[in-house]
Amino acid sequence: CHNRYDDLGFKAPTRMGIINSLDKFDAEFFSIHSKLSDVTDPRLNSDAFSIIKRSKQRTNFYGIVGNESSMLASRISYNFGLTGPSMAINTSCSSSATAIHQALLSIRSGVCDAAIVAGAHCNTDAVLPVMFHDMEMTSPDGKCKAFDAEADGYARAEAVVAIYICKMRDAKRAYATLVHAAINNDGYKDQGITYPSEVQQEDVMRKAYVEAGVDPLEVDYVEAHGTGTKVGDPQELHAVAQALCEGRSRPLLVGSVKTNMGHSEPAAALCGLSKMILAHIKGILPANLYYCTPNPDIPALLDGKIQVVDKNIKFSAKYVGLNSTGFGGTNVHIVLKFDNHQDIENSWKPKIPLIILCSGRTEEAVQHFFDNALIESQDQHFVKLLHELSKNAIPRHPYRGYAVINSDNIDIHVDKNELKDSTWFIFTGMGSQWPGMSNDLVRFEAFNKSVRVSQEHLNNVGFNLMNVLQSSEPTVFDDLKNSIVALSAFQVALVALLKSPGLVHSAQLAGNE
């Protein structure tokens with residue numbers, strides 16, 4: 001339940017999916033002035049600006065910058081220093097799907113090499129929920145019963161989602177392939193602009209698969225728009241049945257993430273896409289909630305052409321269709337492909353101790369991250385992602401930490417560090433050597449390779465470096481020659497090891513006693 005509008009006396013649904021702690025937004029981290037963050041619209045469709053316009057508060061520069069829809073995309077470009085096309089797209093509930101379509105066009109036409117598609121939706125205005133509720137678009141009990149006989153509207157929800165799209169050849173890891181996306185609009189309809197068009201939804205689906213060169217019968221599942229409205233659900237599934245079910249030997253599975261979390265409106269397609277990626281990773285497709293009795297106005301549910309996923313099932317689909325329909329008639333269909341033969345490598349037992357790095361605004365934030373990250377430390381893709389994030393210093397993250405994971409123990413260290421302008425490698429002189437001092441480090445390829453190179457050069461003078469380094473004899477370094485040569489080769493190899501993950505020194509010092 002929510003109480004965001006209780007004090008206003010409005011009649012609204014009793015339940016709504018909300019993001020907790022909006023007041024905890026860390027404006028300083030994003031270099032956003034406090035005056036700007038106080039008036040910034042946290043979503044892609046401006047609820048917040050409508051409040052400001054109705055209030056007696058005088059609009060200033062910050063109000064304009066914080067609520068102009070064009071600034072939302074530009075702020076991402078500004079923060080990350082991105083110089084390619086930057087645009088905010090508003091086609092109502094199909095906004096994020098339209099943005100994905102635009103991103104694919106831009107990448108394939110060579111306008112850009114990659115794209116970030118972000119969607120955010122927060123219910124900051126009480127008037128819109130009341131308007132939707134009065135129009136019988138939202139469910140009184142706040143439950144989205146998509147495709148059910150008792151469907152009576154959707155639950156509004158909040159979400160913040162972002163995806164990174166690039167060409168497969170440039171991807172360091174791929175969670176799904178965006179095969180194709182098609183888009184159209186209903187145009188004129190006798191029933192009115194907000195009435196969905198079965199004809200145009202069918203057309204956009206057929207177009208997507210023809211242009212992609214994919215047989216619709218290869219589609220194993222459709223993530224539907226599925227809002228639970230009395231008109232929307234029948235129109236959509238009529239179109240799905242016509243476009244994708246002809247000649248199908250078994251029912252086509254469908255579902256809608258809106259039954260699980262509510263309708264996040266402009267971010268809805270990104271939420272649906274996130275659901276499918278997580279389903280693929282976990283191998284489980286979540287149940288469509290509140291589905292008990294098929295909607296009698298949807299014949300395809302009654303004759304078995306379409307089956308709603310009403311319980312958690314195993315998921316191994318190759319092709320998935322994703323529907324998104326806008327309030328004003330903009331329809332988008334996205335074709336996804338999953339590589340079910342890809343080695344997910346969840347089970348991972350590295351031969352060397354595992355290091356996980358983290359930084360944060362507070363010591364508690366870093367420790368909280370480690371508490372959760374250690375649970376996933378056997379997931380190789382997750383660890384690789386953390387290493388990628390740790391290559392460069394994150395501004396305004398004064399607290400840093402690391403965890404060293406061995407087979408029998410975990411060592412965690414968190415400290416506050418000031419950024420240094422230079423990095424020095426400082427080595428001790430004679431006296432720091434001990435028998436077997438390289439035994440653990442030779443497991444690292446960069447270190448081992450350097451030692452082998454040194455051995456090749458020392459072969460010319462008859463010195464067996466490997467024997468000295470690997471010797472467990474307590475007196476091996478009593479010979480001054482063994483100490484000097486082995487320690488020098490060890491320090492050269494240590495520099496090679498430090499450089500292997502990209503750690504470059506500004507200077508290095510070697511001491512002597």
Side-chain angles (χ1 to χ4, degrees), residues 19-32 76 79-82 116 118 120 159-164 166 171-175 274 277-278 281-282 344-426 440-441 443-447 494 497-506:
I19 297 174
N20 293 322
S21 306
L22 284 178
D23 59 323
K24 301 295 193 299
F25 174 67
D26 192 353
E28 182 183 351
F29 173 74
F30 294 98
S31 300
I32 296 177
I76 294 176
N79 276 283
F80 289 102
L82 307 177
I116 294 174
V160 178
V161 190
I163 62 171
Y164 179 78
C166 68
K172 294 184 178 179
R173 61 189 60 80
Y175 299 103
S274 300
I277 290 174
L278 290 172
I281 293 174
K282 299 297 183 181
I344 303 298
E345 298 179 300
N346 281 325
S347 180
W348 184 41
K349 296 180 179 179
K351 297 179 180 179
I352 60 177
L354 183 63
I355 298 177
I356 293 179
L357 305 177
C358 175
S359 63
R361 300 274 281 150
T362 64
E363 182 177 356
E364 292 78 13
V366 177
Q367 189 61 55
H368 177 75
F369 178 87
F370 280 133
D371 291 343
N372 290 275
L374 292 175
I375 299 174
E376 304 292 337
S377 62
Q378 296 304 310
D379 186 331
Q380 185 171 170
H381 288 291
F382 176 73
V383 173
K384 287 179 178 179
L385 178 61
L386 296 185
H387 287 175
E388 194 71 27
L389 291 173
S390 303
K391 282 186 176 180
N392 299 308
I394 299 177
R396 294 172 290 282
H397 268 197
Y399 288 88
R400 299 183 178 187
Y402 61 85
V404 180
I405 306 173
N406 287 286
S407 58
D408 54 350
N409 71 296
I410 298 175
D411 181 29
I412 299 177
H413 181 78
V414 181
D415 198 4
K416 184 175 183 179
N417 293 310
E418 299 297 332
L419 290 177
K420 305 297 191 298
D421 293 331
S422 59
T423 301
W424 289 57
F425 294 168
I426 301 177
D440 289 332
L441 292 174
R443 292 182 291 173
F444 295 91
E445 177 58 29
F447 186 92
L494 195 57
L497 176 61
L498 292 170
K499 285 184 175 181
S500 62
L503 185 61
V504 180
H505 63 281
S506 304

**Message:** Please evaluate residues Gln367 and Asp371 with respect to the criterion side chain to side chain contact (heavy atoms under 4.5 Å, CB included), reporting the C-alpha separation (whole Å), side-chain torsions for both, the decisive distance (0.1 Å), and the verdict.
**Reply:** CA-CA 6 Å; Gln367 189 61 55; Asp371 291 343; 3.3 Å; yes
**Request:** Start with the C-alpha gap between Leu354 and Val404, add the side-chain angles, then the distance that decides, and say whether side chain to side chain contact (heavy atoms under 4.5 Å, CB included) holds.
**Result:** CA-CA 6 Å; Leu354 183 63; Val404 180; over 6 Å; no
**Prompt:** Can you check side chain to side chain contact (heavy atoms under 4.5 Å, CB included) on Ile163 and Ile277, steps first, answer last?
**Reply:** CA-CA 11 Å; Ile163 62 171; Ile277 290 174; 5.6 Å; no
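Atoms NE2 and CG, on His381 and Leu386 in that order, are 13.0 Å from each other to the nearest 0.5 Å. Annotation: the span from Ile405 atom CD1 to Leu374 atom CG amounts to 5.0 Å, rounded to 0.5 Å. With rounding to the nearest 0.5 Å, the separation of CG in Asp408 from CG in Asn406 is 6.0 Å. A distance of 14.0 Å separates NZ in Lys416 from OG in Ser359, rounded to the nearest 0.5 Å. A distance of 10.5 Å separates CD1 in Ile355 from OG in Ser390, rounded to the nearest 0.5 Å. Separating the CZ atom in Phe447 from the OG atom in Ser500 is a distance of 11.5 Å, to the nearest 0.5 Å.
Counting all heavy atoms, side chain and backbone alike, Leu498 lies closest to Leu503 at O-CB, 3.0 Å. Here the closest heavy-atom approach between residue Gly360 and residue Val366 is recorded as N-CG2, 3.5 Å. The two residues Phe370 and Ile356 make their nearest non-hydrogen contact at CE2-O, 3.6 Å.
Between Glu364 and Tyr399, every side-chain heavy-atom pair lies at or beyond the 4.5 Å cut-off. Two residues are said to be in side-chain contact when any heavy atoms from C-beta on lie closer than 4.5 Å; Arg173 and Tyr175 meet this criterion. Asn372 is listed as a side-chain neighbour of His368, based on a closest heavy-atom distance under 4.5 Å.
Lys172 is linked by a side chain to side chain donor-acceptor pair (under 3.5 Å) to Glu388, counting only residues two or more places apart in sequence or in another chain.
A donor-acceptor pair under 3.5 Å is absent between the side-chain atoms of His387 and the main chain of Leu357, judged by distance alone. Between the side chain of Arg361 and the backbone N or O of Arg396, at least one donor-acceptor pair lies under 3.5 Å. Checked by atom type and distance alone, the side chain of Arg443 never pairs as donor or acceptor with a backbone atom of Ile352 at under 3.5 Å.
By the 30° and 60° cut-offs, the orientation of the rings of His413 relative to Tyr402 is tilted.
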